[in-house]
Asks: 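Sharing a structure with you now.
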Amino acid sequence: MIYPITVYGEPLLRKVAKPIEKDYPKLDQLVKDMFETMYHSDGVGLAAPQIGLSVRMFVIDASAAAEEEPELDGFKKAFINPEILELKGDEWVMNEGCLSLPEIREDVARPEFVKIKYLDENLDEQIEEYGGFAARVIQHEYDHLEGKLLIDYLSPLKKRMLKSRLTNISKGKVKTSYRIIIPGTKK
Ligand code: NI
């Protein structure tokens with residue numbers, strides 16, 4: 001099932017998401033649906049709050065970037081109840097986008113490496129370290145679970161410059177190739 005995407009202005013995107021309990025119903029199906037929704041909307045990552053669920057999980061498929069970073073070959077993972085254990089390395093800047101901020105792309109500086117503990121889709125605990133693009137996407141998606149968005153990293157001036165576009169997004173006045181939930185409406 002392909003879910004519509006929550007966008008800027010949706011209060012749930014600003015909430016700290018709740019951990020997933022062991023007996024969470026139909027978790028397998030949720031993982032599948034999140035990948036399907038992500039592929040449908042051409043995203044590299046998708047966090048549960050972006051489909052209107054305030055729970056701690058996100059999915060990433062960065063395998064398309066394997067041409068530039070061979071270690072990303074086959075990088076397709078679900079991260080359940082992730083916990084960032086360590087961020088290290090120099091910050092580097094990359095132009096980021098977000099399905100919840102359609103048509104907005106901004107430079108964001110993030111540390112190069114991340115060490116993360118999480119449950120995989122079989123609920124087995126993993127502790128892994130990532131660098132480069134994978135570390136960036138992980139940090140971006142993890143932010144969604146903390147109620148954070150990439151615009152929070154921008155200078156006050158940059159934010160002011162985006163204000164009218166953000167207002168438009170929150171009213172649903174934005175073009176997307178995927179279905180969105182207009183804030184304040186029920187899907
Ligand atoms: Ni995002």
Side-chain angles (χ1 to χ4, degrees), residues 2-18 20 30-31 33-65 72 75-84 87 91-112 114 116 118 130 132-155 158-159 161-163 165-183 187:
I2 294 167
Y3 283 86
I5 305 283
T6 55
V7 295
Y8 178 84
E10 164 58 56
L12 195 135
L13 283 175
R14 289 314 203 172
K15 274 173 62 179
V16 176
K18 295 241 164 22
I20 291 209
L30 177 60
V31 169
D33 289 347
M34 283 187 60
F35 274 116
E36 201 185 340
T37 302
M38 183 185 78
Y39 293 133
H40 175 76
S41 47
D42 265 328
V44 176
L46 182 74
Q50 295 183 278
I51 58 164
L53 294 174
S54 193
V55 291
R56 301 186 77 81
M57 73 166 290
F58 55 79
V59 296
I60 294 176
D61 187 344
S63 56
L72 292 175
F75 186 107
K76 179 191 170 187
K77 282 168 196 266
F79 296 78
I80 296 162
N81 294 343
E83 198 183 318
I84 288 183
L87 289 169
E91 290 202 343
W92 63 289
V93 170
M94 192 177 149
N95 201 248
E96 291 187 17
C98 178
L99 296 174
S100 297
L101 295 163
E103 292 184 334
I104 287 177
R105 294 202 69 91
E106 292 292 336
D107 286 349
V108 178
R110 298 187 190 271
E112 189 173 2
V114 61
I116 189 167
Y118 66 98
Y130 293 99
F133 185 64
R136 173 165 299 269
V137 182
I138 286 170
Q139 290 175 64
H140 177 117
E141 299 311 326
Y142 186 86
D143 277 351
H144 279 299
L145 309 185
E146 296 294 303
K148 236 172 140 180
L149 296 170
L150 72 88
I151 49 170
D152 301 345
Y153 293 91
L154 304 180
S155 68
K158 272 253 166 89
K159 253 191 234 170
M161 287 165 59
L162 283 179
K163 198 164 183 253
R165 287 167 68 192
L166 290 170
T167 304
N168 283 341
I169 290 173
S170 70
K171 291 176 178 164
K173 290 189 213 154
V174 66
K175 275 212 183 91
T176 51
S177 62
Y178 45 89
R179 225 154 37 96
I180 61 172
I181 300 173
I182 298 169
K187 52 174 167 164

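For ligands, and for the atoms within them, numbers begin at 1 and follow the listed sequence. Nothing here was measured: the structure is a model prediction, and the numbers come from that model.
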Asks: Begin with the C-alpha distance, continue with both residues' side-chain angles, and end with the deciding distance and a verdict on side chain to side chain contact (heavy atoms under 4.5 Å, CB included) for R179 and H40.
Replies: CA-CA 10 Å; R179 225 154 37 96; H40 175 76; over 6 Å; no

Asks: Would you say the ring centers of F133 and F75 fall short of 6.0 Å from each other?
Replies: no

Asks: Any side-chain to backbone donor/acceptor pair from Q139 onto P111? Under 3.5 Å, distance only.
Replies: yes

Asks: Hey, which protein N/O/S atoms does the Ni ion (ligand 1) have under 2.8 Å?
Replies: C98 SG, H140 NE2, H144 NE2

Asks: Evaluate side chain to side chain contact (heavy atoms under 4.5 Å, CB included) for C98 paired with I104, printing each intermediate quantity in order.
Replies: CA-CA 8 Å; C98 178; I104 287 177; over 6 Å; no

Asks: How far apart are the closest heavy atoms of A109 and V93, and which atoms are they?
Replies: CB-CG2, 3.9 Å

Asks: Taking the side chain from D152 and the backbone from L149, do they hold a donor-acceptor pair closer than 3.5 Å?
Replies: yes

